[in-house]
Amino acid sequence: MVHFTEGVLVACDVPTKQFILKLDADLKPRSFVLFDLDDNHIFVEGWAVETIRNNLEELYKENHFTFIA
Amino acid sequence: MGSESRGGSREGGGQLPGPIVEELLGWESKELRLLYKSRFAVCGLLRAIPPACRHLLMRLLYLPNSDSSPIPYDVARASFESDRSYQTASTQLLDLRIMEREAIGSVISFTLNAAFAENLRKSISMDLEAPFQRADGSSESVSEEQLESFGQKKWESVLHFLVGMDPNSTSTTKPPKAIIKALRRINLLNDTGEGLKITSKGFQFLLRDPYSQVWVLLLELVNSVSNGSIKAKREVLQFLFEMNYSEPGVGYNISDLKDGPVEAMEALVALGLVYKSSRQSNTFFPTKVGRRLVANTGSGGRTDEKNVSASLGTCEIIVETNFRLYAYTTSKLQVDLISMFVHMRTRLPNLAVGHITNESVRMALRNGISAEQIIAYLNAHASSRCRSERIPSNVSQMIRLWEAEKDRVKTKSGVLFDKFETEEAFDMVEKYAFEMDAKLWSSRILKTLVVADGAADQVKTFIKSNRIA
């Protein structure tokens with residue numbers, strides 16, 4: 001029987017996907033990844049999109065070297 | 001290859017219709033025909049249309065008997081190499097009603113708008129007389145420099161207000177209410193509850209050349225002045241075309257003008273297109289911006305950068321490879337503008353120093369300004385002392401990377417279908433979704449399919465009606 005699930009398809013590069021998976025594991029029991037589709041795609045709960053974006057923003061900030069105090 | 005790319009880019013740039021043509025394309029043919037009765041409008045429009053259109057028009061203008069007998073299709077087509085270039089040129093002339101198509105059976109022929117052709121021929125062979133009556137009796141006199149600084153000051157106050165760095169600007173520098181209202185109507189400013197704030201659209205607006213800026217605001221103001229009456233709009237536009245041929249530093253009588261421009265006069269003064277010594281004065285002086293508006297907005301929005309900097313206050317920018325930026329300018333407006341995407345550090349009388357940082361660019365990106373716009377702005381103002389007159393490529397690359405970083409993750413809401421029992425069933429549904437252009441992702445091995453949100457219900461119905469298990 002065909003089964004369907006509503007959610008959000010996230011397309012990203014490989015490291016970003018790994019980061020999202022880690023985020024998912026950290027947030028347990030409120031995990032949001034519904035299906036791990038392939039290297040560049042995962043299917044997640046709709047509410048998680050904001051969380052993912054905010055956490056990525058943080059990550060980029062950490063990774064960026066600013067020479068101005 | 002070299003010649004090909006050169007020709008291509010030139011043609012591509014020429015095909016972009018300027019704001020004037022864009023505006024006129026929305027007009028009814030009746031109003032266009034009335035506008036073409038003005039020689040100044042005809043001459044102005046000839047400059048505004050793309051080169052290919054101009055070429056076709058000039059070809060057809062002096063054909064023998066072109067007034068009395070229609071021009072056959074072959075004759076019009078003959079001066080173009082490809083069907084495509086002919087099509088683009090003729091479509092716009094037809095849309096502007098400069099050229100009309102007639103089809104008798106399968107024979108297609110064209111006629112030129114009689115008034116337009118007549119006016120154009122006259123203008124080519126004769127001098128254009130002055131568009132307005134000189135105000136001889138009046139004792140007022142204004143020098144060209146005064147007019148120029150007046151126009152500049154007026155427009156700068158509008159832009160300054162838009163940049164909004166100075167919330168307690170005094171009433172003398174604040175633009176009139178009508179302009180502020182118009183800025184809000186076209187969504188350049190937004191009331192956030194704690195006062196007016198610039199929107200992302202407004203941000204982009206600031207980076208455009210001043211002539212298109214004036215033009216956008218002017219159209220909005222004219223619309224509101226005349227309650228959307230197309231007649232008044234036509235008269236104002238005709239007035240702008242006429243102003244293009246007025247003499248610098250000469251005053252003209254207001255009483256000779258039509259109703260439209262008289263009604264719009266206040267808005268024109270507020271935008272710095274014309275100068276009046278007092279509200280009651282019956283004499284107006286076209287300023288430099290006013291005289292050049294039509295000519296400069298015509299050519300697809302591409303104005304030479306000299307003009308841009310002249311009306312905003314000159315600004316020469318040097319960007320070093322270490323992301324340090326030096327802006328040689330005395331204009332506060334330019335510094336405010338730059339500080340929207342640059343971390344400013346030092347402000348000296350004729351120089352501002354800052355850093356282009358991830359943070360500052362990110363802020364600009366969040367405000368809706370694109371990396372390309374930032375780079376274009378910096379390049380346009382790059383100091384002539386820089387070797388290539390462009391910013392260093394590592395800086396522009398970095399700005400682009402920062403933008404790309406912003407959309408490293410793409411999300412699309414959808415519905416995931418899985419647990420298909422057979423591969424055939426999966427193939428069928430996948431094909432259906434693909435044909436609807438709704439398939440976001442699929443894998444035959446996992447027998448899983450993701451469909452865009454909007455089309456999910458249709459796919460569900462398809463599954464039900466075909467009894468797919």
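Being a predicted model, the structure only gives us computed values, none of them experimental.
Scanning residues 451-461 of chain B against chain A with a 4.5 Å heavy-atom cutoff picks out B/K460, ordered by number. Contacts from residues 36-46 of chain A to chain B, taken as heavy-atom pairs separated by less than 4.5 Å, involve A/L37, A/D38, A/H41, A/F43 in sequence order.
For B/T448, the part lying near chain A is the side chain, with the backbone staying farther off; criterion is any non-hydrogen pair under 4.5 Å. Both the backbone and the side chain of B/V409 come within less than 4.5 Å of a heavy atom of chain A. For a residue to count as touching a neighbouring chain, one of its non-hydrogen atoms must lie under 4.5 Å from one of that chain's; by this rule A/V49 touches chain B with the side chain only. Within the 4.5 angstrom heavy-atom criterion, only side-chain atoms of B/L446, from C-beta onward, approach chain A.
The greatest number of non-hydrogen atom pairs below 4.5 Å with chain A, out of B/V450, B/L440, B/L449, is found for B/V450.
In this structure, B/R400 places its CZ atom where more than 12 heavy-atom neighbours from other residues, nucleotides or ligands lie under 6.0 Å away. Heavy atoms from other residues, nucleotides or ligands lying under 6.0 Å from CZ of A/F35 number more than 12. When the shell of 6.0 Å around CD1 of B/I445 is examined, it contains 12 or fewer heavy atoms from other residues, nucleotides or ligands. Few gaps surround CZ on B/R408; more than 12 heavy atoms of other groups in view lie less than 6.0 Å from it.
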Give every donor-acceptor pair under 3.5 Å between a side-chain atom in residues 391-399 of chain B and any protein atom, sequence neighbours left out.
from   : atom 1 : to     : atom 2 : distance (Å)
B/N394 : ND2    : B/T321 : O      : 3.1
B/S396 : OG     : B/S393 : O      : 3.1

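If you take CD on B/E405 and CG on A/N63, they are separated by 8.0 Å, rounding to the nearest 0.5 Å.
B/K410 is linked by a salt bridge (charged side-chain N to carboxylate O under 4.0 Å, His left out) to nothing, counting only residues two or more places apart in sequence or in another chain.
Scanning both residues, A/Y60 and B/R362, for their nearest heavy atoms gives CB-NH2, 3.7 Å.
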